[in-house]
**Q** 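I have a structure here, written as structure tokens, and I will follow up with some questions on it.
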Protein chains: 2
Amino acid sequence: MTPASDLRGRVDKALQEFLQQAMPPVVSVAEELEPLVASIEAFLLDGGKRLRPAFCYWGHRAAGAADSEQIIRAAASLELLQACALMHDDVIDRSDTRRGAPSVHRRFAALHRAADWRGDPEAFGEAAAILLGDLALIWADTMLAGSGFSAVSLQRSLPVWDAMRVEVMCGQYLDVVEQARGGGSVERALRVARLKSAKYTIERPLHLGAALGDGGPELTSALSNYGLPLGEAFQLRDDLLGVFGDPEVTGKPAGDDLREGKRTALVALAFAAANTAQQQQLRARLGDPDLDADGVTVLREIIAVTGALAQVEALIAERLDAALGALATAPVAPMARDALTQLAMAVSHRAG
Amino acid sequence: MTPASDLRGRVDKALQEFLQQAMPPVVSVAEELEPLVASIEAFLLDGGKRLRPAFCYWGHRAAGAADSEQIIRAAASLELLQACALMHDDVIDRSDTRRGAPSVHRRFAALHRAADWRGDPEAFGEAAAILLGDLALIWADTMLAGSGFSAVSLQRSLPVWDAMRVEVMCGQYLDVVEQARGGGSVERALRVARLKSAKYTIERPLHLGAALGDGGPELTSALSNYGLPLGEAFQLRDDLLGVFGDPEVTGKPAGDDLREGKRTALVALAFAAANTAQQQQLRARLGDPDLDADGVTVLREIIAVTGALAQVEALIAERLDAALGALATAPVAPMARDALTQLAMAVSHRAG
């Protein structure tokens with residue numbers, strides 16, 4: 001048995017060991033690169049739920065493969081991919097914070113200011129965050145390739161690895177397009193959720209682990225039947241947390257998604273059920289960067305009284321139910337079934 | 001014999017074939033992704049010198065390996081890596097043009113304007129260019145992995161592939177730091193040149209081709225002795241073209257590097273040899289975004305009369321000489337020696 005906290009610890013350790021090997025050759029090129037690699041290390045090791053590694057690990061065990069250090073390293077490489085996605089996402093969204101601390105581009109802007117360098121500190125910060133994200137994307141690859149699996153196993157996992165990386169970038173782009181369009185249907189919001197969360201966060205990590213464990217097509221399809229609805233539940237919970245979440249737990253300011261004007265399924269449902277006065281309020285306040293606590297309260301009330309909140313909770317329950325139903329008949333080892341059940345509950349009911 | 005133009009044609013064809021396979025699955029996810037993948041295609045197929053593929057190809061032949069479609073595909077994957085570097089570089093430098101046409105982030109800003117979407121068109125364009133660069137970086141990997149080489153050959157080439165990708169990103173970061181610092185020593189400028197050009201453009205592509213052809217350590221080291229000085233010559237030529245190049249050939253406005261304030265070895269040498277009045281001019285005008293044709297002329301004159309221009313030409317000649325000297329005694333097949341000699345001349349004396 002590998003309880004969740006133990007798995008997190010092993011993933012952290014694998015990341016630390018990888019960085020201890022990968023960082024020195026970079027710093028030896030030029031000492032100016034030290035802040036760059038140090039900030040990847042800080043970013044990676046400051047917590048995070050390690051969800052993707054957990055799904056990858058249990059996809060592997062579901063295929064009947066034994067516990068090993070190889071699968072921990074392969075699973076941990078997903079955190080480097082995620083680091084790239086988050087760093088680039090923060091530049092794109094101009095987010096000032098990440099997990100309650102300044103985002104990478106803000107940190108490098110501060111470094112530029114402290115050194116009293118020329119030019120625009122913000123532009124320097126963005127440049128550093130773009131390149132640092134690239135480095136994380138490259139290292140994800142290096143870490144997976146060096147995980148200790150045979151060349152044959154790695155080659156079997158490549159289609160999944162490639163698809164996952166393409167999907168997350170395309171999901172991000174569709175998300176940006178969706179915000180630019182000012183949102184629209186629940187269906188379009190759910191399509192983005194499917195790419196960004198259902199496939200990238202849950203289904204593909206499961207498939208990656210299964211492929212590395214030589215899982216067959218029957219397992220792959222069972223893992224999809226579990227992972228895709230669960231991934232939607234994950235994203236829908238994210239939507240709720242972005243509006244109603246506790247800043248202490250989420251690490252983001254209260255109502256952050258409202259201030260950003262994120263076009264989520266929750267917001268689309270609120271729009272659809274709102275009366276004219278409520279629609280006017282939504283239009284006027286969503287995406288207002290100066291939205292204060294009172295404004296957040298007004299929007300939260302509309303989302304609650306229109307029934308959008310309850311609808312999203314119902315959608316989450318429905319999807320969790322579908323995921324657990326699929327898991328019940330999936331051809332997986334009992335220990336993996338138990339762990340995947342716990343993960344499904346944690347993902348659907350998390351507070352941050 | 002594979003003349004340069006023939007090699008370019010084969011690389012173009014390999015890129016086209018790769019994209020024909022890679023694009024449809026992405027577009028099938030959502031039609032909004034069509035402009036994204038279409039702009040990778042346009043970016044890749046609008047020319048370019050295909051230098052990195054040429055060095056990769058001839059590194060392979062130098063190892064005694066036969067001509068093959070595999071090596072063409074592997075070599076062509078370097079263009080996808082380069083597409084990522086250029087797209088991200090253009091965001092970082094806020095460059096409006098690339099190869100005489102609007103840069104990717106400018107194109108997507110225009111798409112945003114044409115669709116009359118919400119928010120800042122420039123921010124949308126940057127988001128698209130960041131994600132598109134990520135996609136190109138991922139596809140580089142996919143194309144190399146699917147080039148047709150065996151898993152064993154690919155694994156042998158991985159350390160080179162990883163090192164090359166890390167080096168280009170680190171070189172970009174050091175370049176950004178160097179601009180922010182306002183430049184300094186010739187030595188620091190050459191260190192950036194070594195990473196960004198000598199290793200990334202020439203040495204690593206040679207090594208990649210050699211590794212895929214099972215070249216031994218003796219060949220690897222001979223290729224370094226040829227590639228590193230040649231790479232510096234390439235970058236020094238680039239410095240000269242950025243100041244004195246013909247816009248018709250370079251695809252960039254005249255004196256573009258002066259307007260950007262690029263801290264190259266050429267500029268560092270001019271500073272070192274300038275008198276007080278000339279130094280004042282350099283300080284006042286370098287990096288002035290509104291620098292006009294007269295301003296460009298003034299700076300060009302200073303760079304010429306201080307002797308910096310002649311010094312850089314001498315440095316190029318010296319490095320070309322070193323590269324050709326190393327090639328003369330390198331353990332490579334005669335046909336490869338001939339091709340690498342021609343490439344060395346082309347790289348050192350190119351006009352754009």
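Here is how names work: the chains are called A, B, and so on, in the same order as the sequence lines, proteins then strands, and each is numbered from 1.
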**Q** With a 4.5 angstrom heavy-atom cut-off, is it the side chain or the backbone of B/R194 that approaches chain A, or both, or neither?
**A**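 B/R194 has no heavy atom closer than 4.5 Å to chain A.
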**Q** Could B/R52 and B/E79 be called an ion pair, given the rule that one side-chain N must be under 4.0 Å from one carboxylate O?
**A**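 Between B/E79 and B/R52 there is no salt bridge, as every charged N stays at least 4.0 Å from the carboxylate O atoms.
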**Q** Please determine whether a side-chain nitrogen of the Lys or Arg among B/R106 and B/E122 lies less than 4.0 Å from a carboxylate oxygen of the Asp or Glu.
**A**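 Here B/R106 pairs with B/E122 in a salt bridge, since their nearest N and O are under 4.0 Å apart.
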**Q** Just by distance, with hydrogens left out, do A/H207 and A/S157 show a side-chain donor and acceptor under 3.5 Å apart?
**A**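 Judged by distance alone, the side chains do not pair up.
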**Q** Give the member of B/D116, B/D120, B/L137, B/V152 that has the highest number of heavy-atom pairs under 4.5 Å with chain A.
**A**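 Among the listed options, the one with the most contacts to chain A is B/L137.
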**Q** Out of B/D134, B/L135, B/L195, B/I92, which one racks up the most heavy-atom pairs below 4.5 Å with chain A?
**A**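 Of B/D134, B/L135, B/L195, B/I92, B/D134 has the most heavy-atom pairs under 4.5 Å with chain A.
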**Q** Among B/E167, B/H112, B/R94, which has the most heavy-atom pairs under 4.5 Å with chain A?
**A**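 Of the candidates given, the most pairs with chain A belong to B/R94.
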**Q** Which region of B/V37, side chain (C-beta onward) or backbone (N, CA, C, O), has a non-hydrogen atom less than 4.5 Å from a non-hydrogen atom of chain A, or is it both or neither?
**A**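 Answer is neither: B/V37 stays 4.5 Å or more from chain A.
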**Q** With a 3.5 Å cut-off and no angle check, do the side chains of A/S224 and A/E203 form a donor-acceptor pair?
**A**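 Present: a donor and an acceptor within the cut-off.
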**Q** Salt bridge or not between A/D256 and A/R259? Use side-chain N to carboxylate O under 4.0 Å.
**A**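 Salt bridge: yes.
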**Q** Charged N to carboxylate O below 4.0 Å: is that the case for B/D162 and B/R165?
**A**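 Here B/D162 pairs with B/R165 in a salt bridge, since their nearest N and O are under 4.0 Å apart.
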**Q** Taking every non-hydrogen pair under 4.5 Å, which of A/D141, A/L154, A/L158, A/V176 racks up the most with chain B?
**A**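 Going by pairs under 4.5 Å, I would pick A/D141.
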**Q** Could you tell me which portion of B/Q155 (side chain, backbone, both or neither) has an atom closer than 4.5 angstrom to a non-hydrogen atom of chain A?
**A**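 B/Q155 touches chain A through side-chain heavy atoms alone.
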**Q** Chain B: which of A/D93, A/L131, A/L132, A/V29 shares the most heavy-atom pairs with it under 4.5 Å?
**A**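 With the most close heavy-atom pairs to chain B, the winner is A/L131.
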**Q** So which part of B/V26 gets closer than 4.5 Å to some heavy atom of chain A, the side chain, the backbone, both or neither?
**A**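 Side chain of B/V26 only, per the 4.5 Å heavy-atom cut-off to chain A.
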**Q** Under 3.5 Å, is there a donor-acceptor pair linking the side chains of B/Y173 and A/E32?
**A**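 Checked: B/Y173/A/E32 side chains show no N/O donor-acceptor pair below 3.5 Å.
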